[in-house]
Number of protein chains: 2
Amino acid sequence: MPATIRDVARLAGVSPSTVSRALSLPHVVNPTTRARVMAAADSLGYAPNKAARGLITGRTGNIGLVVPDLANPFFPSVVKGVQARAVESDVAVFLADSDEDAAAEIGLVRALAKQVDGLILCSPRSSDHELIGIAQETNVVLINRLVEGVPAVTFDNEEGMRLAVDHLVALGHRRIAWVGGPKASWSNRHRKIGLYSAVHDHRVELAPVGSFQPTYEGGMAAADQVVATRATAVIAYNDLVAIGLLARLHARGISVPDDLSVVGIDDIAMSRMARPALTTVRLPKQKSGRLAVELLLGLLEDRDPGSISLRATLHGELMVRASSGVAPDSAHP
Amino acid sequence: MPATIRDVARLAGVSPSTVSRALSLPHVVNPTTRARVMAAADSLGYAPNKAARGLITGRTGNIGLVVPDLANPFFPSVVKGVQARAVESDVAVFLADSDEDAAAEIGLVRALAKQVDGLILCSPRSSDHELIGIAQETNVVLINRLVEGVPAVTFDNEEGMRLAVDHLVALGHRRIAWVGGPKASWSNRHRKIGLYSAVHDHRVELAPVGSFQPTYEGGMAAADQVVATRATAVIAYNDLVAIGLLARLHARGISVPDDLSVVGIDDIAMSRMARPALTTVRLPKQKSGRLAVELLLGLLEDRDPGSISLRATLHGELMVRASSGVAPDSAHP
DNA sequence: ACGTGTGCTGCAAAGGATTGCAGTGATCAA
DNA sequence: TTGATCACTGCAATCCTTTGCAGCACACGT
């Protein structure tokens, strides 16, 4: 039903080859001819069939994006960034949601791999081994995960946690609780490292309360243990957990930030709207998506690796809001 | 790099045609041959090239999904539903975000239309006229929008508002404020209709306070006008607006639900976590996505229209939470 | 022994676009 | 006038699959 290159050729009175060249290599065809072709093309509303082109050029002009769970407010932001950057380069995006399931993730990747030029895997749940395997077969860029030899854009988690700790220490806190995320999580590991290093440097106490689900419920579950540590501040694995903490603390009549300061990391939209508004470390989520696309597009240009940078690290920014305040007993220690 | 049908054919000692048939029409090839082909195929990890197949069959096995804004928590749920249903039928999904821009929306549709079997447009911002035009060229299913002659899955907004009003009236409220959404919005129009009809039937007063952005900020902006109406309850255009109301009311020292009950519609994840938790009408968002895919797949099967239902209406469910309570003066009217 | 039917399989075209190579015609120099 | 150069343009092959049609071999009935 849509116009083909032949229709345009016939209407312009030239051969299909000329149409193809007029559109993609404008300088090699006679300006008069080109004008005629152009006119014919947009009188028919012609646009080349990407699939057909892909067959011969080996490039589809499509990329794939896999995320663990769109219901987690972190990921839509990343998707949006990928989207925005992709349309700028006239690239279409396949989206897949693995539902936090590593096996499903692999399946989606396999299904997508054949019809895209490259893949962006955001916070992949698969093992390093599997990811390396995938990276050998396809062009891959990781977001929020680092694997030997695979291009990636990551957040500086260590620095982010340091920002949080610096902030709390400046407010006079000397004993800080930590609500950890899933043990298997790459970012949990790195956040923890940054945290330990920061508290060590400041010579303040750390009270870890274990691993929890990275959800609102996880935060609710962790709250009582946090209270039991007698810390005056708590840093949560992420904002969702922090908001869960806020809810449970309120229910128990513990005042934030007067009795306890709460700090998260991510800065999802919800954090601004929490009560009290959540102090957190803003991670440039959309930017990570944009950057991943740029990395991927770069990979596709020069086939020779090494010519372009394969790593990008994004920095967080402390957003001081109402959930953090001076330590309760800092006036009379 | 990936194996082609010819590689499989060579390995199995048959012609490409036989391979093709062995995989898609198993009953027409000799069982022995088929076994040999199968073995060859998965020893090479062969999967047919969708683009090449699409070229000849006219079916790509891909669908497109366009949403106005992924940052709005309503849409990721829909996307997730579409996704989930699509993978079940081995269909891949192109996702595009129009950023609330009608012109961009059309552009994305045009770009996508050529490489998909059909399109799902969620809450499209374009005019009826444009949508009809698109529907003529491509298979289209709308979500959350009704246009003459175009298949669609919608929510029963009228009924949803009635649920909200019934609830408030039962709690003794006699004067209800309404914070409207964007004038151009299809769902705003229908929610308003349902609302007017419900309050009319119950013979209670309605105090509309105008149109606001469908955002947290919109809700903040509307709050003071709501208070000025002296209504004892307010229904917001959606949950985001309701949560904005909650925030501003709290800031002004107005207690919810003691002084004022607040009800939203959508039931986004955030609503459960609001303080107080928001009473709202849950719209089956994921389900709408699943259903849209089914409708679209149905359209692709039988080309003859009329054989399948072109419309689906989904019903909301009242989620009573802490933001609504008995009317303040209902004990002594 | 011959014709017919049956069950598989292969040939070749088609689908839309790109691209190396060859051909056309014009222009210019000798 | 002829030969060479140049700027364009067209032919045809190619990418990977699918599918209508034809062909082959075999078995069976007569």
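Computed from a prediction, not measured in an experiment: that's the story for all the values here. Lettering follows sequence order; numbering is per chain, from 1.
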Chemist: Side chain to side chain contact (heavy atoms under 4.5 Å, CB included) for Val153(A) and Val141(A)? Distances and angles first, verdict last.
Modeler: CA-CA 8 Å; Val153(A) 7; Val141(A) 172; 4.2 Å; yes
Chemist: List the atom of Val93(A), the atom of Ala86(A), and the distance in Å for their closest heavy-atom pair.
Modeler: CG2-CB, 3.5 Å
Chemist: Could you go through Gln115(B) and Asn62(A), starting from their C-alpha distance and side-chain angles, then the distance that decides it, and tell me whether this counts as side chain to side chain donor-acceptor pair (under 3.5 Å)?
Modeler: CA-CA 10 Å; Gln115(B) 39 187 343; Asn62(A) 299 326; 3.2 Å; yes
Chemist: Output yes when Asp266(B) and Lys285(B) qualify as a salt bridge under the 4.0 Å nitrogen-oxygen rule, no when they do not.
Modeler: no
Chemist: Show, in sequence, the C-alpha distance, side-chain angles and deciding distance for Glu294(A) and Glu88(A), and conclude whether the side chain to side chain contact (heavy atoms under 4.5 Å, CB included) test is met.
Modeler: CA-CA 11 Å; Glu294(A) 272 164 26; Glu88(A) 285 173 17; 5.8 Å; no
Chemist: Can you sort out which residues in residues 49-57 of chain A have a heavy atom within less than 4.0 Å of DNA chain C? Ascending by number, please.
Modeler: Asn49(A), Ala52(A), Arg53(A), Leu55(A), Ile56(A), Thr57(A)
Chemist: Does anything in residues 29-45 of chain B reach DNA chain C, meaning a heavy atom under 4.0 Å, and if so which residues?
Modeler: Val29(B), Asn30(B), Thr33(B)
Chemist: In Å, rounded to the nearest 0.5 Å, how long is the span from CG of Asp90(B) to NZ of Lys50(B)?
Modeler: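 Asp90(B) CG to Lys50(B) NZ: 5.0 Å, rounded to 0.5 Å.
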Chemist: Atom CZ in Arg311(B), atom CG in Leu291(B): separation rounded to 0.5 Å?
Modeler: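 Answer for the CZ-CG pair, Arg311(B) versus Leu291(B), is 13.0 Å.
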Chemist: For Arg59(B) and dT17(D), give me the distance from atom CZ to atom C1', rounded to whole Å.
Modeler: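 After rounding, the reported distance stands at 16 Å.
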Chemist: Measuring from Glu105(B):CD to Asp97(B):CG, what's the distance to the nearest 0.5 Å?
Modeler: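 Those atoms lie 10.5 Å apart.
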Chemist: Test side chain to side chain donor-acceptor pair (under 3.5 Å) on Ser89(A) and Arg85(A) and set out the steps.
Modeler: CA-CA 7 Å; Ser89(A) 293; Arg85(A) 184 60 187 79; 2.8 Å; yes
Chemist: Taking DNA chain C as the partner, which of residues 14-21 of chain A come within under 4.0 angstrom of it by heavy atom?
Modeler: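 When residues 14-21 of chain A is checked for heavy atoms under 4.0 Å from DNA chain C, the hits, listed by number, are Ser17(A), Ser20(A), Arg21(A).
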Chemist: To the nearest 0.5 angstrom, please state how far the CD1 atom of Ile106(B) sits from the OG atom of Ser127(B).
Modeler: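 Interatomic distance, Ile106(B) CD1 to Ser127(B) OG, rounded to 0.5 Å: 7.0 Å.
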Chemist: Side chain to side chain contact (heavy atoms under 4.5 Å, CB included) for His129(B) and Ile132(B)? Distances and angles first, verdict last.
Modeler: CA-CA 5 Å; His129(B) 181 73; Ile132(B) 289 173; 5.9 Å; no
Chemist: Between Ile63(B) and Val293(B), is the side chain to side chain contact (heavy atoms under 4.5 Å, CB included) condition met? List the steps.
Modeler: CA-CA 9 Å; Ile63(B) 64 175; Val293(B) 175; 4.2 Å; yes
Chemist: For Phe94(B), give me all partners under ring pair (Phe, Tyr, Trp, His ring centres under 6.0 Å), at least two apart in sequence or on another chain.
Modeler: Phe94(A)
Chemist: Taking the nucleotide of DNA chain C with the nearest heavy atom to each, does Gly13(B) or Leu25(A) sit closer to the 5' end?
Modeler: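 The residue mapped nearer the 5' terminus is Gly13(B).
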Chemist: Walking along DNA chain C from 5' to 3', note the first and the last nucleotide with an atom under 4.0 Å from a heavy atom of chain B, and give both.
Modeler: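 Endpoints of the contacted stretch of DNA chain C: dC8(C) to dG16(C).
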Chemist: Once pairs are restricted to Watson-Crick or G-U wobble with both distances under 3.5 Å, how does DNA chain D read as a dot-bracket string, [ ] for crossings and | for other-strand pairs?
Modeler: ||||||||||||||||||||||||||||||
Chemist: Mind calculating the distance between CG (Leu23(B)) and P (dT19(D)) to the nearest angstrom?
Modeler: 13 Å
Chemist: Between Leu296(A) and Leu119(A), which heavy-atom pair has the shortest distance, and what is it?
Modeler: CD2-N, 3.9 Å
Chemist: Of the non-hydrogen atoms in Ala152(B) and Leu295(B), which two are nearest, and what is the gap between them?
Modeler: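 Where Ala152(B) meets Leu295(B) most closely, the heavy atoms are O-CD2, 3.9 Å.
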